[in-house]
Engineer: 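Structure provided below as structure tokens; questions to follow.
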2 protein chains.
Amino acid sequence: MQDYDPGAFPPFAVTVDLAVFTVREGRLHVLLVERGEDPFKGAWALPGGFVRPRESAGQAARRELAEETGLSGETVADLHLEQLRTYSDPDRDPRMRVVSVAYTALLPDLPEPRGGGDAAQAQWTPLTAAVLLAFDHDRILADAHDRIGAKLEYTCLATSFCPPEFTLGELQQVYETVWGVDLDRPNFRRKVLTTPGFVEAVEGPPRRTGGRGKPAALYRAGTASALHPPLLRPEGRHA
Amino acid sequence: MQDYDPGAFPPFAVTVDLAVFTVREGRLHVLLVERGEDPFKGAWALPGGFVRPRESAGQAARRELAEETGLSGETVADLHLEQLRTYSDPDRDPRMRVVSVAYTALLPDLPEPRGGGDAAQAQWTPLTAAVLLAFDHDRILADAHDRIGAKLEYTCLATSFCPPEFTLGELQQVYETVWGVDLDRPNFRRKVLTTPGFVEAVEGPPRRTGGRGKPAALYRAGTASALHPPLLRPEGRHA
DNA sequence: CTCCTTAATAGTCATGTTGACTATAAAGGT
DNA sequence: ACCTTTATAGTCAACATGACTATTAAGGAG
């Protein structure tokens, strides 16, 4: 840290990129924006932008998320944002040297984003259709998907995908959607209910379902953050 | 990523910092260097340095590690280096805006580093004595310790702390040292040996031990990278 | 208003993994 | 020879899991 004069070579730009996921119609969706400028003008990309001189990368990530989704400041302030990793290949941006800190966020299914900010438009895209993104965003997105799949195993993060009150069926669908597997309903239920602090029951009548079948009881996220022991996905289909 | 002119504000410097661990005499040690320049001249710090214009952060981390430890290029090329996270608080360096990508590495017990490179000196320090470091390195070090503790649970990473051939007792001591707990020896043995690909037996006579007791069989790291199911540490003493 | 379908919830049972132990084997030291 | 030390083998109960079956409570079709 001592022998290099930072003024002796062209400086770096630092950006944040966001992999924001939601579960919609039983499929995993990711928030994408259409680029309005070169390079990659017209291509789809992860939302993100430059870190400003007096903010941290985490602050920049929240700011960009609010700008590009139109979510209220409080909503964005509350939600779970997690640093994924940093991408620093010298050629990842054709214009200049850009190092990007990637973040992941999990949202409940929300109204369509109003493509605010600078993005030409922003929209939820099924993960399967999110390919050929700008820069190295395909790679970032794949890393983010791997990460949240692993995190579901040993954290309570799945509740972040759900509205404040949710049924165990909805929670199970989060796992099934992210992992791409089917889980046994009674076993899933047993595991969730016997893990202290994962969920807590909501008093009162079940939610108006609209659908067929016995109405499900409502739960909200508990106070625990880690799962002990973890909820492992079937088969060693790990990394 | 569109509305900000990168030339419109002072640029960022990008550095790497390394939390390099080893197990020595039953205690976890971390590699520290003494700073030869202001700021924090004379203080201890994690090894690291500026990322050069044409290298990635990962390449910079390997280069710095080789420079400051005197390890051979091949050794450094082979070893497991893992990106921890990026630290970007605007005030983390009093001189200028510096964003640092932190990496973690695990080494077997090695000869004392020859404080090469720019570091006034480099040396292994017991983790308990590694406090009041320069910049935000106390925080980075704490994060790194948390991370490797968690990684030991569900990966085969512990073998990185061991020489090419090792006994199960040595492997167990890695777990006990990093987690700060005592493990039951027969149970640990059963878990390691029944996990496919964690370790494989080495043919031939046991190593000259020098010590008392029955000589232990030798093993080397297997081909697996993940542990299924994980080797959970006792008590929910997680995060 | 009954029967059928659907989904939630309750429970069973065999298997697998873990934690806490006890027992034996093979080395060095006195 | 004995004692100490460490490695290795094996036992057993508690717990968690995977694969099931059964019951309950809703909506919809005749």
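Reminder, nothing fancy here: chain letters follow the sequence lines and each chain counts from 1. Because the structure is a prediction, the values reported are computed rather than measured.
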Engineer: Rounding to an integer number of Å, can you tell me how far B:Leu193 CG sits from D:dA7 P?
Structural biologist: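 From B:Leu193 CG to D:dA7 P: 13 Å.
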
Engineer: I'd like to check the side-chain contact (heavy atoms from CB on, under 4.5 Å) partners of A:Glu200; sequence neighbours left out, ordered by chain and number.
Structural biologist: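 side-chain contact (heavy atoms from CB on, under 4.5 Å) check on A:Glu200 returns A:Arg220.
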
Engineer: Identify, with sequence neighbours excluded, every residue that meets salt bridge (charged side-chain N to carboxylate O under 4.0 Å, His left out) alongside A:Asp89.
Structural biologist: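 Applying salt bridge (charged side-chain N to carboxylate O under 4.0 Å, His left out) to A:Asp89 gives none.
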
Engineer: Examine distances only and state if a side-chain atom of A:Glu68 and a backbone atom of A:Leu65 form a donor-acceptor pair shorter than 3.5 Å.
Structural biologist: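 Absent.
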
Engineer: Considering residues at least two apart in sequence or located in another chain, which fulfil the salt bridge (charged side-chain N to carboxylate O under 4.0 Å, His left out) criterion with B:Arg27?
Structural biologist: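 Salt bridge (charged side-chain N to carboxylate O under 4.0 Å, His left out) check on B:Arg27 returns nothing, list empty.
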
Engineer: What residues form a salt bridge (charged side-chain N to carboxylate O under 4.0 Å, His left out) with B:Lys191, not counting sequence neighbours?
Structural biologist: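 B:Lys191 satisfies salt bridge (charged side-chain N to carboxylate O under 4.0 Å, His left out) with no other residue.
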
Engineer: Taking only residues two or more places apart in sequence, or in another chain, which ones meet B:Ala60 in a side-chain contact (heavy atoms from CB on, under 4.5 Å)?
Structural biologist: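 So B:Ala60 forms a side-chain contact (heavy atoms from CB on, under 4.5 Å) with B:Val16, B:Val51, B:Glu55, B:Arg63.
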
Engineer: Under the salt bridge (charged side-chain N to carboxylate O under 4.0 Å, His left out) test, which residues partner B:Arg185, sequence neighbours left out?
Structural biologist: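 For B:Arg185, no residue satisfies salt bridge (charged side-chain N to carboxylate O under 4.0 Å, His left out) once neighbours in sequence are set aside.
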
Engineer: Suppose we screen for ring-ring contact (aromatic ring centres under 6.0 Å, His included). Which residues come up paired with A:Tyr219, at least two apart in sequence or across chains?
Structural biologist: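 ring-ring contact (aromatic ring centres under 6.0 Å, His included) list for A:Tyr219, sorted by chain: empty.
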
Engineer: Quick one: which protein N/O atoms are closer than 3.5 Å to N/O atoms of nucleotides 17-21 of chain C? Pair and distance per line, please.
Structural biologist:
residue: C:dT18; atom: OP1; partner: B:Lys191; partner atom: NZ; Å: 3.1
residue: C:dG19; atom: N7; partner: B:Asn187; partner atom: ND2; Å: 3.4
residue: C:dG19; atom: N7; partner: B:Arg190; partner atom: NH2; Å: 2.8
residue: C:dG19; atom: O6; partner: B:Arg190; partner atom: NH1; Å: 2.9
residue: C:dA20; atom: N7; partner: B:Asn187; partner atom: ND2; Å: 2.9
residue: C:dA20; atom: N6; partner: B:Asn187; partner atom: OD1; Å: 3.2

Engineer: Measure the distance from NZ on B:Lys214 to C1' on C:dA23 and round it to the nearest whole Å.
Structural biologist: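 The answer, rounded to whole Å, is 12 Å.
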
Engineer: Is any side-chain nitrogen or oxygen of A:Arg185 closer than 4.0 Å to OP1 or OP2 of C:dA8?
Structural biologist: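 Indeed, a polar side-chain atom of A:Arg185 lies that close.
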
Engineer: Taking only the side-chain heavy atoms of B:Arg189 (C-beta and beyond), determine which of C:dT9, C:dA25, D:dA9 contains the nearest atom.
Structural biologist: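 For B:Arg189, the side-chain atoms sit closest to D:dA9.
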
Engineer: Tell me the bend of the helix from C:dC1-D:dG30 to C:dT30-D:dA1 as the angle between end helix axes, each from five pairs, rounded to the nearest 10 degrees.
Structural biologist: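 Axis-to-axis angle, ends of the helix: 10°.
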
